[in-house]
Amino acid sequence: MTWVRMVGSSEQTVSVRLGERSYEVTLQQGLLATVGTRIRQLTNARKVGIITDRHVARHYLKGVLRSLRAADFHATAIVLPPGEPSKSMPTVERILDHLAKQRFERGSFLVALGGGVVGDLTGFAAAIYQRGIPFVQVPTTLVAQVDSSVGGKTGIDHRLGKNLIGAFHQPRAVLVDPQTLETLPRREWIAGLAEVIKYGVIADQAFFEFLERSMADLAALRSADIIRVIGRSCEIKAQIVSEDERESDRRRILNYGHTIGHALEVLGGYRSLIHGEAVGIGMVQEANLSAHVGLCSSNVPERIRSIVLSAGLSDVMPRRTFRSLWSAMQHDKKAIGGQVIGVWPVQIGSVVIQKIGRETCAEWFRGLHVRRSDQGATHQSKVVRKTRIARR
Ligand code: NAD
Ligand code: GLY
């Protein structure tokens with residue numbers, strides 16, 4: 001297995017190779033203090049706008065402003081309410097208003113300081129303001145450090161579908177400071193592990209096996225391997241994006257777990273499940289569906305379920321009707337002509353991209369409910385047995 005390239009003693013870089021849009025992902029503990037000089041190496045611009053949210057601002061905004069000003073930037077900040085509902089058109093308008101009022105120009109930079117919500121939003125605002133201005137990703141959640149900051153997918157949600165409005169717009173650099181994860185709430189940390197597991201399933205069996213061995217420690221934040229985990233995840237993502245920037249084919253594999261996952265997020269009104277939690281359930285259920293149609297043996301969903309559970313994620317489908325689930329899956333960008341293009345594991349480390357029709361999916365879904373009521377019956381009979389024993 002190849003891990004990230006070491007530069008100097010503690011800095012690691014991963015290249016995203018996209019011709020003139022190429023850039024580096026740089027990982028270093030404590031990197032935040034050097035954001036100003038690092039961005040200065042990319043531009044002579046004066047104006048920089050930091051987009052962040054309230055939680056992240058509380059911990060990191062002052063330091064980043066200081067670093068940018070020390071590097072001779074005129075830096076201003078927009079602090080947004082945290083959470084998925086901010087990934088919306090009114091928030092984009094708010095950002096654009098700020099840029100126009102502050103007279104941001106074509107060469108002015110934006111900095112996305114935060115998780116995937118801030119990153120997707122900032123990238124989208126940068127993509128459309130004056131037909132495109134440069135931006136830098138400074139991700140502060142595990143989801144953002146291993147996934148959303150790399151690859152140039154930017155956008156916002158629509159009531160009917162997640163990420164329905166957006167643009168491809170690559171950042172000029174991704175600056176990762178793993179130290180920022182120390183302040184991340186535990187729920188967000190666990191959610192990020194779902195995207196890490198995804199890379200093992202879609203592209204790297206050895207990485208998956210390493211995760212199987214270390215997941216309990218990673219989930220409990222006891223592992224010293226986190227930089228290795230972030231690095232390898234970025235490396236896999238960079239490789240896939242370099243092969244297929246605009247998701248015409250290979251990049252679709254990154255959507256594993258997201259077909260059902262996005263549908264669950266939409267059906268929960270973006271409130272009941274956070275992104276990584278929905279992806280965790282989606283990965284297990286899509287692997288079950290893959291086994292159901294005979295694309296993999298039952299051992300594959302079992303291993304995926306087991307690692308998802310050991311990360312502290314759930315594998316349980318929230319109660320939904322098939323109709324609502326299928327309808328939500330139809331609104332996803334992955335649907336074509338009434339069919340859904342899914343990503344199906346064939347073995348650990350390898351997936352296929354294949355359309356799935358309504359009937360096949362409905363048949364699997366009916367089975368899911370039969371199994372669930374069987375489990376319910378087993379659980380009930382255990383309860384009855386226990387009660388009887390207690391009465392004796
Ligand atoms: P998020 O951005 O909502 O952040 C989660 C929470 O953690 C927020 O409350 C935030 O304020 C807080 N937070 C962030 N960093 C913190 C820190 N260091 N310390 C304390 N609190 C911190 O959620 P997320 O999971 O990072 O991102 C999810 C979003 O990313 C979704 O909208 C998803 O669609 C998107 N996404 C995009 C891509 C892509 O390729 N563009 C890939 C994966 C996910
Ligand atoms: N997270 C999916 C992608 O970047 O393509």
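Quantities reported herein were computed from a predicted structural model and do not represent experimental measurements. Note that ligands are numbered from 1 as they come in the structure, with each ligand's atoms numbered from 1 the same way. Heads up: numbering here begins at 1 and tracks the sequence.
For P185, the closest heavy-atom approach to ligand 1 falls below 4.0 Å.
Considering H59, E188, R187, R54 only, the shortest heavy-atom separation from atom 5 (C) of ligand 1 involves E188. Residue S148 holds the heavy atom nearest to atom 42 (C) of ligand 1 of all those in A57, P81, S148.
Pocket lining of ligand 2, defined as residues with a non-hydrogen atom under 4.0 Å away: D147, K153, K237, E247, R251, L254, N255.
Between K87 and ligand 1, an N or O atom pair is found at a separation short of 3.5 Å. Remark: ligand 1 and T180 share an N or O pair separated by less than 3.5 Å (distance only, no angle test). Any N or O atom pair closer than 3.5 Å counts here, and L181 shares no such pair with ligand 1. Ligand 1 has a nitrogen or oxygen under 3.5 angstrom from a nitrogen or oxygen of H55.
Side-chain contact between I304 and V201: present, with at least one pair of heavy atoms (C-beta onward) separated by less than 4.5 Å. When side chains are defined from C-beta on, Y129 does not count as touching L110, because their heavy atoms never get closer than 4.5 Å. Between L325 and L264 the shortest side-chain heavy-atom distance falls below 4.5 Å.
Scanning all protein heavy atoms for the shortest distance to atom 14 (C) of ligand 1 gives T141 CG2, 3.2 Å. Ranking protein heavy atoms by distance to atom 15 (N) of ligand 1, first place goes to T140 OG1, 2.8 Å. Scanning the protein heavy atoms around atom 16 (C) of ligand 1, the nearest turns out to be L184 CD1, 3.6 Å. Ranking protein heavy atoms by distance to atom 34 (O) of ligand 1, first place goes to K162 NZ, 2.8 Å. Considering only non-hydrogen protein atoms, atom 31 (C) of ligand 1 sits nearest to E84 OE1, 3.2 Å. The closest protein non-hydrogen atom to atom 10 (C) of ligand 1 is D53 OD2, 3.3 Å. With hydrogens left out, the protein atom closest to atom 30 (O) of ligand 1 is G116 CA, 3.3 Å, a heavy atom. Among all non-hydrogen protein atoms, the one lying nearest atom 44 (C) of ligand 1 is H275 NE2, 3.5 Å.
Although no hydrogens or angles enter the test, the distance criterion places no donor-acceptor pair under 3.5 Å between the side chain of T43 and the main chain of R40. Under a 3.5 Å cut-off, the side chain of K237 and the backbone N or O of V150 do form a donor-acceptor pair. Side-chain N or O atoms of Y256 include none that pairs as donor or acceptor with a backbone N or O of G342 at under 3.5 Å.
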Would H275 and Y270 satisfy ring pair (Phe, Tyr, Trp, His ring centres under 6.0 Å), going step by step from the backbone distance to the final call?
CA-CA 8 Å; H275 179 70; Y270 302 115; over 10 Å; no

Could you walk me through whether R251 and E243 pass salt bridge (charged side-chain N to carboxylate O under 4.0 Å, His left out), step by step?
CA-CA 8 Å; R251 186 167 177 171; E243 286 167 30; over 6 Å; no

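Contacts of L254 with ligand 1, taken as heavy-atom pairs under 4.0 Å, are absent altogether. With a 4.0 Å heavy-atom cut-off, ligand 1 is reached by no atom of H262.
Closest heavy-atom contact between I156 and K87: CB-O, 3.3 Å.
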